[in-house]
Amino acid sequence: MERPLLLGRVHAGRGMAVELTQEAFDKLLDCLGPDRDTAGGRYLEIRRNLVRVFEWRGCSTPDEYADETINRCARKIGEGEEIRDVGTYCIGVARMILREMGRDRFRQVRPLDEAPEPRVMPREPESDPEGRLECLRRCLGQLSPETRNLILHYYHGDKGNKIRNRKSLTELLGVGASTLRMRALRVRERLQLCAEDCMQRRNGRAT
Amino acid sequence: MRTERIDELLLVRYLLGRLTEEEQARVEDRAFADRDYLGTLNAVEADLIDAYVRGELPQADRRAFEWQFLTSPQRRSKIEFAQALSRVTAEVAKPATTWRALLDPIRSWNPALRFAGALGAAICVAGGSWLVVENASMRSRVSMLEAQRRDLEMRSQRLQRDLAAQVQSRPASEGPRTPIVASLVLMPGLSRAPSRTEQLVLDRGVQVAHIEIQLEPRDEYPRFRADLRTRSGKEVLVLGALVPHRTGDGYTVSMDIPASVLATEEYELGLKGLGDGQDAQDVGYYYFRVQKR
């Protein structure tokens with residue numbers, strides 16, 4: 001399994017890439033819910049949480065680590081291990097992988113001139129700031145005027161100005177600061193998804 | 001769990017990778033058990049990214065941030081989005097800042113003061129609007145009167161030119177002859193003001209003074225009456241049943257007064273409108289001075 005080698009950064013451990021059989025995956029789903037739909041929903045939720053944990057901990061490829069965690073859990077279930085809460089168990093496995101990763105990282109710390117040349121250069125994301133800006137503007141244009149006003153004023157200004165803006169918004173909307181913060185965050189997440197989607201379509205057209 | 005206070009500084013330290021393994025696990029467990037806590041963690045992460053993008057993080061935090069956040073494509077994408085958002089909010093929200101600067105002090109007023117302020121502002125706006133409308137109406141009226149005055153002056157000059165031409169075309173043997181009619185045109189508004197007195201010159205041979213009064217559109221009466229008095233109030237003449245006649249784009253009332261009843265003096269001419277079966281209504285008072293030579 002070839003992965004980018006990021007010098008001085010977290011990278012995949014040597015003990016990764018556990019194979020997952022269809023039988024083990026089926027048993028995992030059986031543990032997650034009485035029917036496939038329920039189990040599928042729970043599976044996605046667990047995977048999303050795992051990706052978040054690896055992201056929070058600063059891993060370079062959170063998705064791969066999350067899949068690796070699920071594969072290990074599924075293998076344990078396939079081996080007949082009784083697990084009461086798959087979600088909690090998976091988080092435990094993830095922490096074990098993180099510890100392995102930390103050990104690997106510690107072991108591999110060495111002066112740069114002694115480090116081997118990377119076999120695969122880290123792939124930098126497509127950087128197109130103007131395109132991203134255009135996409136963001138387009139996505140903002142799709143919001144209702146109230147929502148657009150909220151997001152633009154909530155995130156406008158630096159330090160002191162920002163605090164004043166947010167205070168004015170709470171007074172204007174008649175909501176508490178934490179409610180306003182969550183409302184703005186939800187709009188921000190929606191906007192980011194929209195902008196990512198727009199960028200993908202844009203890059204697709206360009207290639 | 002939900003009633004526990006959320007320590008945001010702890011979340012910042014978690015996101016910068018500064019907690020012990022046990023502390024990290026506690027944050028993660030609570031995040032997956034408590035939706036509010038997860039929401040706050042996401043909000044703190046967004047704020048941290050914004051602070052990085054705006055260069056507001058201290059050097060040590062900046063280094064820790066880069067170590068933790070520049071590793072995964074997901075997080076790099078969040079940073080790029082934050083950069084774009086920062087640019088868009090800076091350019092779009094600019095016009096609002098001036099208004100906000102004006103409104104911010106007002107927001108700190110108490111409700112009674114705000115109400116009074118709003119009322120005052122409303123009165124100012126209403127008063128200002130009324131003045132603007134009134135001013136525009138006045139300007140329009142003055143322009144109209146000015147146009148009428150110019151028109152009458154031109155008519156008067158034309159009449160004088162015609163008169164001069166007639167005098168020149170007369171045989172020399174007849175000698176100079178004085179016109180028997182002297183004309184005076186009185187305009188509404190301007191002539192009605194006692195401060196402005198028109199002049200009527202009556203040369204020795206003049207027998208009739210022809211006075212023409214310009215009517216305003218509102219002076220809609222079938223007939224008029226003119227009362228001529230001296231400025232001291234002595235009645236000179238009353239002319240009734242004067243019928244208005246059309247001239248150009250308006251109406252005038254004209255009258256002929258024997259020169260013999262006029263002396264070198266100031267006069268007041270009162271014009272009254274006569275409706276059907278109604279009392280005479282004041283239309284206006286005009287002032288002129290007669291100069292007999």
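Chain letters run A, B, ... following the sequence lines, proteins first, then strands; residues in each count from 1.
Here A/E130 pairs with B/R87 in a salt bridge; the nearest charged N to carboxylate O distance falls below 4.0 Å. Salt bridge B/D61/B/R18: present, at least one basic N to carboxylate O contact under 4.0 Å.
Ranked by heavy-atom pairs under 4.5 Å with chain A, the first of B/L38, B/L15, B/D50, B/D47 is B/D50. Note: B/N42 leads B/T40, B/N42, B/L41, B/V27 in heavy-atom pairs under 4.5 Å with chain A. Taking chain A as the reference chain and counting heavy-atom pairs below 4.5 Å, the highest number among B/A25, B/A31, B/A51 is found for B/A25. In terms of non-hydrogen atom pairs under 4.5 Å with chain B, the most contact-rich of A/N49, A/T88, A/I151 is A/N49. Ranked by heavy-atom pairs under 4.5 Å with chain B, the list A/E196, A/R95, A/M182, A/E45 is led by A/R95. Of the residues considered (B/S77, B/S86, B/A82), B/S77 shows the highest number of contacts with chain A, using heavy-atom pairs under 4.5 Å. The candidate with the highest count of non-hydrogen atom pairs below 4.5 Å against chain B, out of A/N149, A/V51, A/D63, is A/D63. Of the listed residues A/A184, A/G87, A/G157, A/S178, the one with more heavy-atom pairs under 4.5 angstrom with chain B than any other is A/G157.
At distances below 3.5 Å, not a single donor-acceptor pair connects side-chain atoms of A/R132 with backbone N or O atoms of B/A84. With A/T61 contributing its side chain and A/E64 its backbone, the two residues share no donor-acceptor pair below 3.5 Å. The backbone N or O of B/Q68 lies less than 3.5 Å from a partner atom in the side chain of B/R75, making a donor-acceptor pair. Using modelled atom types, no side-chain atom of B/R246 and backbone atom of B/Y251 make a donor-acceptor pair closer than 3.5 Å.
There is no contact between A/L98 and chain B, counting heavy-atom distances below 4.5 Å. For a residue to count as touching a neighbouring chain, one of its non-hydrogen atoms must lie under 4.5 Å from one of that chain's; by this rule A/K162 touches chain B with the side chain only. Heavy-atom distances place the side chain of A/R52, and not its backbone, under 4.5 Å from chain B. B/F32 touches chain A through its side chain: at least one heavy atom from C-beta onward sits under 4.5 Å away, while N, CA, C and O do not. Heavy atoms closer than 4.5 Å to chain B are found in the side chain of A/E189, but not in its backbone.
Remark: aromatic rings of A/Y43 and A/F25 are close, center separation under 6.0 Å.
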Item to complete: May I have the step-by-step check of disulfide bond (SG atoms under 2.5 Å apart) for A/C198 and A/C139, ending in yes or no?
Response: CA-CA 8 Å; A/C198 167; A/C139 291; 5.5 Å; no
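Of the residues B/E28, B/Q24, B/E23, the one that meets the side-chain hydrogen bond (donor to acceptor under 3.5 Å, both in side chains) test with B/Y14 is B/E28.
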